[in-house]
Amino acid sequence: MSSLSSSIAYGHSRLLFITILSVASFLTGCGDHDKTSTQVAAKVGADEITIGQVNSLFTKMQAMPGKNASQVKHEVLDNLIDQQIAVQQAIDKKLDRDPAVMFAIDESRRAILSRAYIDKIRAAIPAPTPAEISKYYADHPEIFAQRRIYNLRELDVMVKPGLADAMRDQIAKGMTFDSIAADLKGKNIPFNATSSTHAPEDTAFEVLSRISVLKDGQMTLIDTNNALSILQVVSTKPAPADEKTVTPYIQQYLSNTRSKEEIVKQLKSLKGATKIEYFGEFLANSSANTEATKASETNSAKPQDQQHPSD
């Protein structure tokens, strides 16, 4: 690589690093500060860079081969100095008053504060108990105890009125996968035929719930508003997973599911207690949006089991 190319590559990587530091330091500036976080590591003009800032960013970095912790911290500090110089220049040139910059700062602040509130909700949710984990394992043998690896053939077809019923009828009459593909081709209906191997943890629950009950050679139709597919199980291979092995994944899944439900519940409650007004172009659709939200909340409140720990 030429010296010019090397300089350009270094400049780009350094600029990226400074940009990352800009975001990260903004995030870390929103928390509480202990004594260490206020100890000065360097001064840039009248502005201070603290040891706490350096350490906070250092802990988020991956190990750098050939460099010890002290060297990496010095690099972090050096980049924080570059960042602070850029901040000072931006303020000096009144870029902090630019409408686009002000909007970006406000947008970042809103995102950070809302995330902090969501994280606080998550932190208050108790972890799944061993009994809950065992129950989930027992309730989903197709994912765990009776886990299989599936070799599939798939026909992805363009959705057309009445086509799903016709293809469902073809499967019921015992038509083969290849015969259905030939029929689609003869009718000039676009489709895509593929072969693939799937493990349960890599498969959407809607699909898994269908193929787990099929024998080798059998087919099923997946019909949604946006997709129409025929799946054929060519062959399967037993690959059971014991409870001890998958416990961490089930625990994470149950925690995530419980968190999502609690977040939706609390935000719904807060939204219901808050006066919300719509204006301008949003006024006309406010009633429709309210009804759609109610319908969505009603559906989400119904018992559903369409995910598994890998989702």
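Here the structure is a predicted model, which is why all the values come from computation and not from measurement.
- Scanning both residues, Ser229 and Asp156, for their nearest heavy atoms gives OG-OD1, 2.7 Å.
- Pairing each heavy atom of Ser70 with each of His74, the nearest pair is O-ND1, 2.8 Å.
- No hydrogens or angles considered: a donor-acceptor pair under 3.5 Å links the side chains of Gln266 and Glu262.
- For the pair Leu113 and Arg109, the minimum side-chain heavy-atom distance is below 4.5 Å.
- By the 30° and 60° cut-offs, the orientation of the rings of Tyr253 relative to Tyr136 is tilted.
- Looking only at atom types and distance, the side chain of Asp242 has a donor-acceptor partner in the side chain of Thr245 under 3.5 Å away.
- Annotation for Ala164 and Leu221: closest pair O-CD2, 3.4 Å, computed over non-hydrogen atoms.
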> Between Ile276 and Lys271, is a side chain to side chain contact (heavy atoms under 4.5 Å, CB included) present by the stated rule, with each step listed?
Replying inline: CA-CA 8 Å; Ile276 300 173; Lys271 192 172 183 180; 3.6 Å; yes
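- Within a 6.0 Å sphere centred on CZ of Arg115, heavy atoms belonging to other residues, nucleotides or ligands number 12 at most.
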What donor-acceptor contacts under 3.5 angstrom involve side-chain atoms of residues 174-183, with partners at least two apart or in another chain?
{"unit_1": "Thr176", "atom_1": "OG1", "unit_2": "Ser179", "atom_2": "N", "d": "3.0"}
{"unit_1": "Thr176", "atom_1": "OG1", "unit_2": "Ser179", "atom_2": "OG", "d": "2.7"}
{"unit_1": "Asp178", "atom_1": "OD1", "unit_2": "Arg153", "atom_2": "NH1", "d": "3.2"}
{"unit_1": "Asp183", "atom_1": "OD2", "unit_2": "Gln170", "atom_2": "NE2", "d": "2.9"}
{"unit_1": "Asp183", "atom_1": "OD2", "unit_2": "Lys187", "atom_2": "NZ", "d": "3.2"}

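- Contact annotation: the side chain of Met61 approaches that of Val72 to within less than 4.5 Å [non-hydrogen atoms, C-beta and beyond].
- Between Lys60 and Ser56, the side chains place a donor N or O and an acceptor N or O closer than 3.5 Å (distance only, hydrogens not considered).
- Closest of all the heavy-atom pairs between Ala145 and Pro240 is O-CB, 3.3 Å.
- A distance-only check finds a donor-acceptor pair linking the side chain of Thr274 to the backbone of Leu270 [under 3.5 Å].
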>> Checking Ile263 against Tyr117 for the side chain to side chain contact (heavy atoms under 4.5 Å, CB included) test, could you report, in this order, the C-alpha distance in whole Å, the side-chain angles of both residues, the deciding distance, and whether it holds?
In response: CA-CA 10 Å; Ile263 290 166; Tyr117 176 71; over 6 Å; no
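- Of the inter-residue distances, the one linking Asp202 atom CG with Ile149 atom CD1 reads 8.0 Å to the nearest 0.5 angstrom.
- Between Arg258 and Pro126, the shortest heavy-atom distance links the atoms NH1-O, 3.1 Å.
- In the hydrophobic clustering of this structure, Ile125 does not group with Ile133; members are Ile, Leu, Val, Met, Phe, Trp, Tyr whose side-chain heavy atoms approach within less than 4.5 Å, directly or through other members.
- Under a hydrophobic-cluster definition in which Ile, Leu, Val, Met, Phe, Trp and Tyr are linked whenever side-chain heavy atoms come within less than 4.5 Å, directly or via other members, Val233 and Ile171 are assigned to different clusters.
- Arg148 has its side chain out of reach of Ile211: every pair of non-hydrogen atoms, C-beta onward, lies at least 4.5 Å apart.
- In this structure, a donor-acceptor pair under 3.5 Å is absent between the side chains of Ser196 and Glu154.
- Atom CG of Leu57 is separated from atom CD of Gln83 by 8.0 Å, given to the nearest 0.5 angstrom.
- Nearest heavy-atom pair, Glu142 versus Ser212, reported as atom, atom and distance to 0.1 Å: CB-CB, 3.9 Å.
- Rounding to the nearest 0.5 Å gives a distance of 14.0 Å between OG1 of Thr236 and NE2 of His198.
- Residues Tyr150 and Met219 fall into different hydrophobic clusters, defined by Ile, Leu, Val, Met, Phe, Trp and Tyr side chains chained together at heavy-atom separations under 4.5 Å.
- In this structure, Ile49 and Val40 have side chains that are not in contact, with every pair of non-hydrogen atoms separated by 4.5 Å or more.
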>> Run Val157 and Ile189 through side chain to side chain contact (heavy atoms under 4.5 Å, CB included) and show every step you take.
In response: CA-CA 8 Å; Val157 189; Ile189 298 175; 3.7 Å; yes
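- Val234 and Ile222 are members of different hydrophobic clusters when ILVMFWY side chains are connected at heavy-atom separations under 4.5 Å.
- In this structure, Val159 is not a member of the same hydrophobic cluster as Val207, with clusters built from ILVMFWY side-chain heavy atoms closer than 4.5 Å.
- In this structure, CG on Leu208 lies 9.5 Å from NE2 on His140, to the nearest 0.5 angstrom.
- Of the possible polar contacts, none joining the Asp106 side chain to the Met102 backbone as a donor-acceptor pair under 3.5 Å is found.
- In this structure a side-chain-to-backbone donor-acceptor pair under 3.5 Å is present from Gln232 to Gly217.
- Taking CG of Leu231 as the reference point, atom CG of Leu214 lies at 8.5 Å (rounded to 0.5 Å).
- Residues Glu243 and Ser134 meet the side-chain proximity criterion, which asks for heavy atoms closer than 4.5 Å.
- Each of Ile230, Thr220, Asp223 was compared with Arg168 under the side chain to side chain contact (heavy atoms under 4.5 Å, CB included) criterion, and only Asp223 meets it.
- Proximity of Lys185 to Phe191: side-chain heavy atoms (C-beta onward) are separated by under 4.5 Å at one or more points.
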> Does the side chain to side chain contact (heavy atoms under 4.5 Å, CB included) test come out yes or no for Thr197 and Leu152, once each step is laid out?
Replying inline: CA-CA 6 Å; Thr197 301; Leu152 304 175; over 6 Å; no
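- A salt bridge links Glu206 to Arg210: one of the charged nitrogens lies within less than 4.0 Å of a carboxylate oxygen.
- No side-chain donor-acceptor contact under 3.5 Å links Asn151 and Lys237.
- Taking CG of Leu77 as the reference point, atom CD of Gln53 lies at 9.5 Å (rounded to 0.5 Å).
- A donor atom on one side chain and an acceptor atom on the other are found under 3.5 Å apart for Gln252 and Asn256.
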